[in-house]
2 protein chains.
Amino acid sequence: MSNTRFTVAIHVLTLLAYCGPEALTSEFIAGSVNTNPVVIRRILSTLREAKLVASQAGPGGGWQLLRDPRKITLRDILAAVSGDPTFLLHSAPPNIECPVGRDIQAILARRFQSAQEAMERDLERTTIAQLISEVGGGSA
Amino acid sequence: MSNTRFTVAIHVLTLLAYCGPEALTSEFIAGSVNTNPVVIRRILSTLREAKLVASQAGPGGGWQLLRDPRKITLRDILAAVSGDPTFLLHSAPPNIECPVGRDIQAILARRFQSAQEAMERDLERTTIAQLISEVGGGSA
DNA sequence: AAATTCGCAACCATTATGGTTTCGGGAATC
DNA sequence: GATTCCCGAAACCATAATGGTTGCGAATTT
């Protein structure tokens, strides 16, 4: 990773759900996230590709949730915004003359996928609705 | 992440274990990984900090494993080479005037840690010794 | 002394990242 | 229809990370 888009995406979706059904502008959202509206629009446009939000131009426009917050998991969000997998293989292919170099990529690909799936299964346990219930000291 | 150091570290340790007790030079290792010896030394020096390997200067010198390959898990290796956590929070702190902005970081920190641990528990199931047994079609 | 090997610093090109500005176009309102 | 609001897209920027490379010194063996 090494980027904050997953975090910002979760923040934005939580805010959209928290603020109810009316549309929020990218400028308002940027005020909560503390960044630039264009950064918010970039991330929201990837969430729109995943059918999680919709945008509306013009006065009174902005961004709205398209899915029940109880049905949006952190895994869904990661899938929408994540480009690269968590673990990368070699930048240049290893030496196939070496027994280790020949096989290591295929072996690691399986292990990395397994670890990635373990992580995603954990993320799947959390929904946006749950996060909202914790905002404002909800669980205290 | 977005780097290949974890992969290279696993590759190097597997090679060290595979080639038996004698020391391997960074140049030889670089030949298997297909990169520059300095890149190998950089990664091995972080593994040395974790007491996984030792280096020896001079002719006949090089790098040796310090731990039984059956006792080196992928989780150990990740711990040694990983700098940043898998998931990063906001680059600038959110707006604390907003109920979501005020609490989201603490809430996400818990969720991210849980996901990270799920991933690490999975990585812990694999040892260098297991990887060696799969090299050369070991499981076929 | 000579050869080998690591250690470390410096440097480089490439890429990712978050941020910013600018301009155009669609949409609601007056 | 004119104005205002808001998104869309492109361009640009500074910063940082990454992998790679070179150079040289120090340690070690022969």
Side-chain angles (χ1 to χ4, degrees), chain A residues 1-9 11-12 16 19 22-49 52-64 66 81-95, chain B residues 1-9 11-12 16 19 22-49 52-64 66 81-95:
Chain A
M1 278 250 170
S2 271
N3 71 53
T4 64
R5 292 197 273 263
F6 183 38
T7 291
V8 173
H11 182 154
V12 169
L16 285 172
C19 292
E22 71 265 29
L24 303 183
T25 70
S26 58
E27 189 175 356
F28 175 85
I29 298 170
S32 171
V33 175
N34 187 21
T35 184
N36 191 288
V38 177
V39 173
I40 298 298
R41 277 183 236 152
R42 280 208 278 246
I43 292 172
L44 277 168
S45 72
T46 75
L47 296 176
R48 181 180 47 205
E49 289 171 24
L52 291 173
V53 298
S55 63
Q56 175 85 24
W63 298 84
Q64 278 177 307
L66 284 185
V81 301
S82 103
D84 289 340
T86 301
F87 302 111
L88 301 181
L89 294 175
H90 307 68
S91 54
N95 184 352
Chain B
M1 280 249 164
S2 271
N3 70 53
T4 64
R5 292 198 275 262
F6 184 37
T7 290
V8 173
H11 181 154
V12 170
L16 284 172
C19 293
E22 70 266 28
L24 304 183
T25 70
S26 58
E27 190 175 356
F28 175 85
I29 298 170
S32 170
V33 175
N34 188 20
T35 183
N36 190 289
V38 177
V39 173
I40 297 298
R41 278 183 236 152
R42 279 208 279 247
I43 292 172
L44 277 168
S45 72
T46 76
L47 297 177
R48 181 179 46 203
E49 288 171 25
L52 291 174
V53 298
S55 63
Q56 175 86 25
W63 299 84
Q64 277 176 306
L66 284 186
V81 302
S82 102
D84 290 341
T86 302
F87 301 112
L88 301 181
L89 295 174
H90 308 67
S91 53
N95 185 352

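Atom set for the values below is all heavy atoms of this structure, side chains included, hydrogens, waters and symmetry mates excluded. Quick note on labels: first sequence line is chain A, next is B, and so on, each numbered from 1.
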Item to check | Among A/Leu24, A/Val53, A/Val39, A/Leu52, side chain to side chain contact (heavy atoms under 4.5 Å, CB included) partner for A/Leu44 | outcome: A/Val53

Checklist outcome for this item: Side-chain atoms of A/Asn3 come closest, of D/dT28, C/dT17, D/dT21, to C/dT17

Checklist entry - Among the nucleotides C/dC6, C/dG18, D/dA9, which one has an atom lying closest to any side-chain atom of B/Ser91? => result C/dG18

Next on the checklist: If you compare every side-chain N and O of A/Ser55 against the phosphate oxygens of D/dC7 (OP1, OP2), does one of them come in below 4.0 Å?
Outcome noted: no

Item to check | C/dG18 OP1/OP2 closer than 4.0 Å to side-chain N/O of A/Thr4 | outcome: yes

Checklist entry - What nucleotide, of D/dC6, C/dT21, C/dA10, holds the atom closest to the side chain of B/Arg42? => result C/dA10

Checklist entry - B/Asn36 has a side chain; which of C/dA27, D/dG8, D/dT22 sits nearest to it? => result D/dT22

Next on the checklist: Measuring from the side chain of A/Trp63 (C-beta onward, heavy atoms only), which nucleotide among D/dG8, D/dT29, C/dG19 has the closest atom?
Outcome noted: D/dG8

Checklist outcome for this item: Which of C/dA27, D/dT21, C/dT20 is nearest the side chain of A/Ala57? It is C/dA27

Item to check | B/Arg5, nearest nucleotide to its side chain (from C/dT5, D/dG8, D/dG19) | outcome: D/dG19

Checklist outcome for this item: Whichever of A/Asn34 and A/Arg41 has the more 5' nearest nucleotide on DNA chain C, that residue is A/Asn34

Item to check | Any B/Ser45 side-chain nitrogen or oxygen under 4.0 Å from OP1 or OP2 of C/dC6 | outcome: no

Checklist entry - What orientation do B/His90 and A/His11 show, parallel under 30°, tilted 30 to 60°, or perpendicular over 60°? => result perpendicular

Checklist entry - Is the distance from OP1 or OP2 of C/dG26 to the nearest side-chain N or O of A/Gln56 less than 4.0 Å? => result no

Checklist entry - Between B/Ser26 and C/dT5, does any side-chain N or O lie under 4.0 Å from OP1 or OP2? => result no

